[in-house]
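Presented below is the structure to which this report refers.
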Protein chains: 2
Amino acid sequence: MNNIYGTLNELLVKLFNDILQIEEDALKIDEFSNLSITEIHVLEAIGPEKARNMSSVARDLDITIGTLTIAINNLVRKAYVDRVRCDKDRRIVLISLSDKGKKVYRHHEKFHEEMINTTISRLSDEEMKVLISALGNINSYFKEKYNHKKQYK
Amino acid sequence: MNNIYGTLNELLVKLFNDILQIEEDALKIDEFSNLSITEIHVLEAIGPEKARNMSSVARDLDITIGTLTIAINNLVRKAYVDRVRCDKDRRIVLISLSDKGKKVYRHHEKFHEEMINTTISRLSDEEMKVLISALGNINSYFKEKYNHKKQYK
DNA sequence: TACAAATGCTTTGAGAGTCAAATCATTTTA
DNA sequence: TAAAATGATTTGACTCTCAAAGCATTTGTA
C-alpha cells in the first residue's frame, strides 16, 4: 500500500513539475520554434473561431489586460495574430488567429490528442471512468485550496 | 466514447495549465509568503539531506548554473539556504537547507501528501492501479517527446 | 446637449526568472 | 610550471508579469 502511495506521489510530482517545460519542448521540435509556451497558450485562448476582444481573452488566461497587450504586440509582429479595432465600438480591439496562428492551434490540439491517446490507449472503458474520477478529485482539491486563498486576496 | 475523451482532455488541460499557479497559491496561504513557487522548487531540489554542489542541483532543475546562482543569492539572503565553499576543492560551492529551509521542505512535502490523500481516499486498490498506469503512460509520452527534442539540442 | 463617469485598451516602471557569454578562481594535466 | 579543464559568478539582455497612470471612446445624466 505504502508503495502504491509512493509511486503515485512520484508520478504526480514529476508530472506537475515538468509539465510546462516538457510541453514547450515537445512543441518546439517543429516549425514554430519562435513561440513560447505562454504565447501558445494565448493562441489557444483566442481560439480558431471568430474574433474576440482583449478583456475576455485576458480573463480566460487569468492575466491582466496590460500583460495581454504586450503578448499580442509580439504575436502580431510575428504574424500569428490579427488585431483590428471594432467599427461599432472603437474602444474595443478584436484579436483573431491568422492562418499561421490557426496552424499552430491545430498543431497544439494534435499534441493534446496524442497525449490523451497515449494515456488511454491501454485502458478499458471502466478504467477510463476511474481515471476521470481520480483526476476530478485532484482538480477539486486544488480548486478548494485555490478558493481558500482567493478569500485573502 | 467521444465524450469521455473530451472530458479527459479537459481535465488534463486544466490540470496542466493551472497547476503551478494553484500550487503556489495553496502554499502562500501560510507563513512562507515571501517564497515563489520557483524558489520552493529549488529548496525541494536541494533536499533536506546533506549539502550539494551547484552543478548537480542546476542539472536536476534543468536550469543553468548562472540562473541557480541568482536564485541561491536570494534564498541565502532570506535565510532558507546555507552556502559554503568546499574545503577539499575550493572551486565547489556547497548549498544546503537551513532549519527554516527544512521547515519549508516538510511543509511542501505535506502539501503533496494531502493532495495524494485527497486523490486516493475515494479509490479502491484496483482504481489506484488504473490511475498509476495512466499517469505512467503520460509520463512516458512526455519523456519520449522530450528526448526526441534533446537530440536536436 | 454638454460634461462627468465608465469602459476598453495601451503604456510605463519595476521585479522575477531565464539564458548565453564573459570572467574569475582553483584544480588537473601534459 | 604553463595550459587546459572545471565550478561558480557576473553581466547584459530578453520574456512574463503586475499595478498604476494615461488615452480614446462611449454611456449616462443634469
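Lettering follows sequence order; numbering is per chain, from 1. The structure presented is a predicted model; accordingly, all values stated were derived computationally and were not measured.
Checking the phosphate oxygens (OP1, OP2) of D:dC16, a side-chain nitrogen or oxygen of A:Ser36 falls inside 4.0 Å.
The A:Thr64 side chain lies nearest to D:dA19 when the options are D:dA19, D:dT17, D:dT25. For A:Ile70, whose side chain is taken as the heavy atoms from C-beta onward, the closest listed nucleotide among D:dC18, D:dA8, D:dT26 is D:dC18.
Put simply, CG on B:Leu75 and CD on B:Glu39 are 4.5 Å apart, with the number rounded to the nearest 0.5 Å.
We find that CE of A:Met54 is positioned 17 Å from P of D:dA24, with the value rounded to whole Å. A straight line from CZ of B:Arg91 to C1' of D:dA4 spans 11 Å, rounded to a whole angstrom. A:Arg90 places its CZ atom 17 Å from the C1' atom of D:dT27, with the value rounded to the nearest Å. Whole-Å rounding puts the A:His41 NE2 to D:dT17 C1' distance at 16 Å. The distance from atom CZ of B:Arg83 to atom P of D:dG7 is 18 Å, rounded to the nearest whole Å. Summarising the geometry, the separation between CD1 on B:Ile72 and P on D:dA8 is reported as 11 Å, rounded to the nearest angstrom.
Residues A:Arg52 and A:Ile46 come closest through the heavy atom pair CD-O, 3.3 Å. When all heavy atoms are compared, the tightest approach of B:Ile72 to B:Arg83 is CG2-NH1, 3.7 Å. In this structure, A:Asp82 and A:Ser98 approach most closely via the heavy-atom pair OD2-CA, 3.7 Å.
Nearest-nucleotide mapping onto DNA chain D: of A:Arg77 and A:Asp89, the residue sitting toward the 5' end is A:Arg77. Residue whose closest nucleotide on DNA chain D sits further toward the 5' end, between A:Lys78 and B:Leu94: B:Leu94. A residue-by-residue look at B:Asn74 and B:Gly66 shows that B:Asn74 has its nearest nucleotide of DNA chain C further toward the 5' end.
If you walk DNA chain C from 5' to 3' and mark each nucleotide with an atom closer than 4.0 Å to a heavy atom of chain B, the marks span C:dG17 to C:dT27.
A side chain to side chain contact (heavy atoms under 4.5 Å, CB included) with B:Tyr80 is found for one member of B:Asp99, B:Val42, B:Asn34 and no other, namely B:Asn34.
Ion pairing of B:Arg90 with B:Asp87 is present here, as a side-chain N (NZ or NE/NH1/NH2) and a carboxylate O approach within less than 4.0 Å.
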